[in-house]
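What you see is a predicted model, and the numbers here were worked out from it, not measured in a lab. Residue numbering restarts at 1 for every chain, and letters A, B, ... go by the order of the sequence lines.
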Amino acid sequence: MVDPSVEIAGLRLTSPLLLASGTVGYGPEYDGLVDFGKVGAIVTKTVTPEPRAGNAPPRLAETRGGMLNSIGLENVGLERFLSDKLSEAAKLPTRVIASVAGKSATEFANLCGAIGERDETAGLELNISCPNVERARLPLWADPAGVAEVVSAARRATAKPLFLKLSPNAADVLSVAEAGEKAGADALVVGNTLPGMRIDVETRAPMLGNRFGGLSGPALKPVNLALVWRLSAGVGIPIVGSGGIERTEDALEYLLAGATAFQVGTAIFRTPSVVGRIIDGLAQRAATDGINSLTGYTGLAKEVETPCQRTRAD
Amino acid sequence: MPSATSLLLACRPQTPFDSAEPGQFVHVDTGRERAFRRPFSVAGLTDDGAVELLIELRGEGTRTLAELPVGSSLAMMGPLGNGFRLPPAGSHAAVVAGGIGVAGVRHLVQRLESAGVDTTVYVGARTADALLHGVLPRPSDARVATDDGSAGMRGTVCDLFATGAGALAPDTTVYGCGPRPMLDTLAAVAARSHLACQVSLEEMMACGVGACRGCVVPTVDGYRTVCKDGPVFDASMLVAAERTMEVARG
C-alpha cells in the first residue's frame, strides 16, 4: 500500500485530503462519522474577531449538481474559538488549520497572531473569498493590492503556514495569486464557491434569505480545476485544489492538474465516509500505477499530449 | 399506504438503535443526484428493531424512497437532534399535528400511550384523503379537522385545538408538529391558555449534525440549528420567521 502522506507548506500531513472550511464545523461535530485518521487536516469554520450571527435563513438550496449556501460566516468569534473550539478540534486524530476572516489587514493579522501562537494550530487559511459578506469597494478577493496587504500583515503576525483561499469569481485570479505569493503565502487554496441563486417559482421569491449564495459541489469542479491548471503554471507555491470532489477520480484530476493536496467539503454532507474511500482509492490507484507517493501525480497531466495536440502534430 | 400521498417505511439498521427519543430524526441519503440527505422524524421503533418513517411524497428525494423495492439498502444517520421532553408524571398532554406532521409525533403518541399519560390528539389535513391519524394508536379517539370539511371539523387543526384549549387541564403540555405557520398559531393559542408548548420544526439541512449552520431558525437566543439544537424547541423560544426577515433586510 502506498503511503498517502504529503508535505505541503512545510507541513507533513497524513494525507492530501483536507476538509473544507464551513463544511466540517469546528471538527468534533463529525466525530464518529468521518475517519479523521485519513484526513490530512481539517479547516475550521471561518473565525472572525467578534462572533457573527450570520445571514437570515433560509441559508441552503440544492441545485443540479451541487448546492448553494448563504451562511454568512456565522461563527463563535475569536475569544470562544481560542477558549473552547481550538482545543476541542485538536483532540481529533488530524491537524487543525484555522480559517480566518477580517475586515482589514490589521484584523487578519490579529487573528493570525492569536491563533497562530497556539500549539494546536498547524496553519492558517486566509478566507479572502467568502461570497456572502459584503465589502464596500472592490471585493477583497478581486483586489491584488488588498490581498498583498492582508497576506503581508498575516505573515508578520505568525510563522505558521499561511494558506490563501482564492475566489474563482475574480476576473484576474492569477494577479491575486501572484500578489499573495509575493506577500508571503505558503500555499493557495483554489478555490472558494461561485456566487449563484435560485428562485422558488411558486412564491416567485429567491430561495435564500440573502438572495445570493455560494455554489459548491460537482457543478463547480471544472471551473476550479481549470484554475488549478492555470495557476500551477503561474505560481511557485503549492496548490490545494477544492471544488466538487466526491470521488477518487475527482481528487486525482486536481492532482494531475497541478494540486499537491485537495479539500473535500460538500460531499461529506451526503456521505461522510467518502473521506476514507477517496484516500484508499488514491493509494490503490498509485500502487497500480507504480507511483510511490501521491505527490507523484501532481501536474502529470501537463506532461501528456492532449488528443488535440496530437492531431495538430500529425 | 396510510394516505394517498404518504408511505410508512420500516428500515432495519445494521447497528440497531438502542433508543430514539420521540421527535428525533434520521438523515437519509436519497441518491447522488441530490447534495443533501433528507431528514425524517423517527415515526416509531418496532420491537424487532426497525425504524419506522412516515414519508410524504413531496419531491424527488421522497419519490426515490417510495420507488425503492422492498429489501433495498438505505444510508441513514441517526437518531439525531433533540426530541420532545415527556410531561411530568400524572400530568396531561395534547398532541396537535397538521398534514405530514403526524410523522413527527407518532413516536411521541406511542410513548405517551405506553406511559399512561392522559393524552388528547388533534390531527388536521387539507382533505379526508390526506388525514394520517390512522397510523396513530387508537385512531378513533383522535379529533380531526379538514380544510374542506370532508372529515371532522371544517377548518385547521389549530381552529380545532383552540375550540377546546380553554377546557384543558392547566398542567397540559401541548406538542405540535406541522407547517411553520400552523406551529406559530398553535404556539399563540397555547400561550393564551398558559400551557407549555413544544414544537418540532423542519428545515432544509445539509450536514444534520450542527456543523454547517445551514438550517438555523431565529430564536430569542439568536439563530439555533434545527438539526442539533432542535428539531424540537420550546415554542416560547421561537421568533416568528417574517419578523426577523424584516429586521435582517431592513
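Of all heavy-atom pairs between A/Ala56 and B/Tyr223, the closest is CA-OH, 3.2 Å. Shortest non-hydrogen contact noted between A/Ile71 and B/Gly214 is CD1-CA, 3.5 Å. The nearest pair of heavy atoms linking B/Pro218 to A/Pro57 is CD-CG, 4.2 Å. The two residues B/Arg37 and A/Pro272 come nearest to each other via the heavy atoms NH2-CD, 4.0 Å. The two atoms that bring A/Leu60 and B/Ala206 nearest to each other are CD1-N, 3.4 Å, heavy atoms only.
Between A/Phe269 and B/His27, every side-chain heavy-atom pair lies at or beyond the 4.5 Å cut-off. Looking at heavy atoms from C-beta onward, B/Met204 lies out of side-chain contact with A/Arg59 at the 4.5 angstrom threshold. Between A/Arg270 and B/Arg32 there is a side-chain heavy-atom pair separated by less than 4.5 Å. Put simply, the side chain of A/Glu62 does not reach to within 4.5 Å of the side chain of B/Glu33, judged on heavy atoms.
Close approach to chain B, defined as a heavy atom under 4.5 Å from one of its heavy atoms, is seen in A/Gly25, A/Glu29, A/Tyr30, A/Leu33 of residues 25-33 of chain A, taken by number. Scanning residues 76-84 of chain B against chain A with a 4.5 Å non-hydrogen threshold yields B/Met77, sorted by number.
Look at B/Arg224 and A/Glu74 and you find no salt bridge, because none of the NZ, NE, NH1 or NH2 atoms lies under 4.0 Å from a carboxylate O.
Neither the backbone nor the side chain of A/Ala267 comes within contact range of chain B; no heavy atoms are under 4.5 Å apart. Proximity to chain A (any heavy atom under 4.5 Å) is shown, for B/Ala75, by neither the backbone nor the side chain.
In this structure, A/Arg285 places its CZ atom where only 12 or fewer heavy-atom neighbours from other residues, nucleotides or ligands lie under 6.0 Å away.
How far CZ of B/Arg34 is from CZ of A/Arg64: 8.5 Å, rounded to the nearest 0.5 Å.
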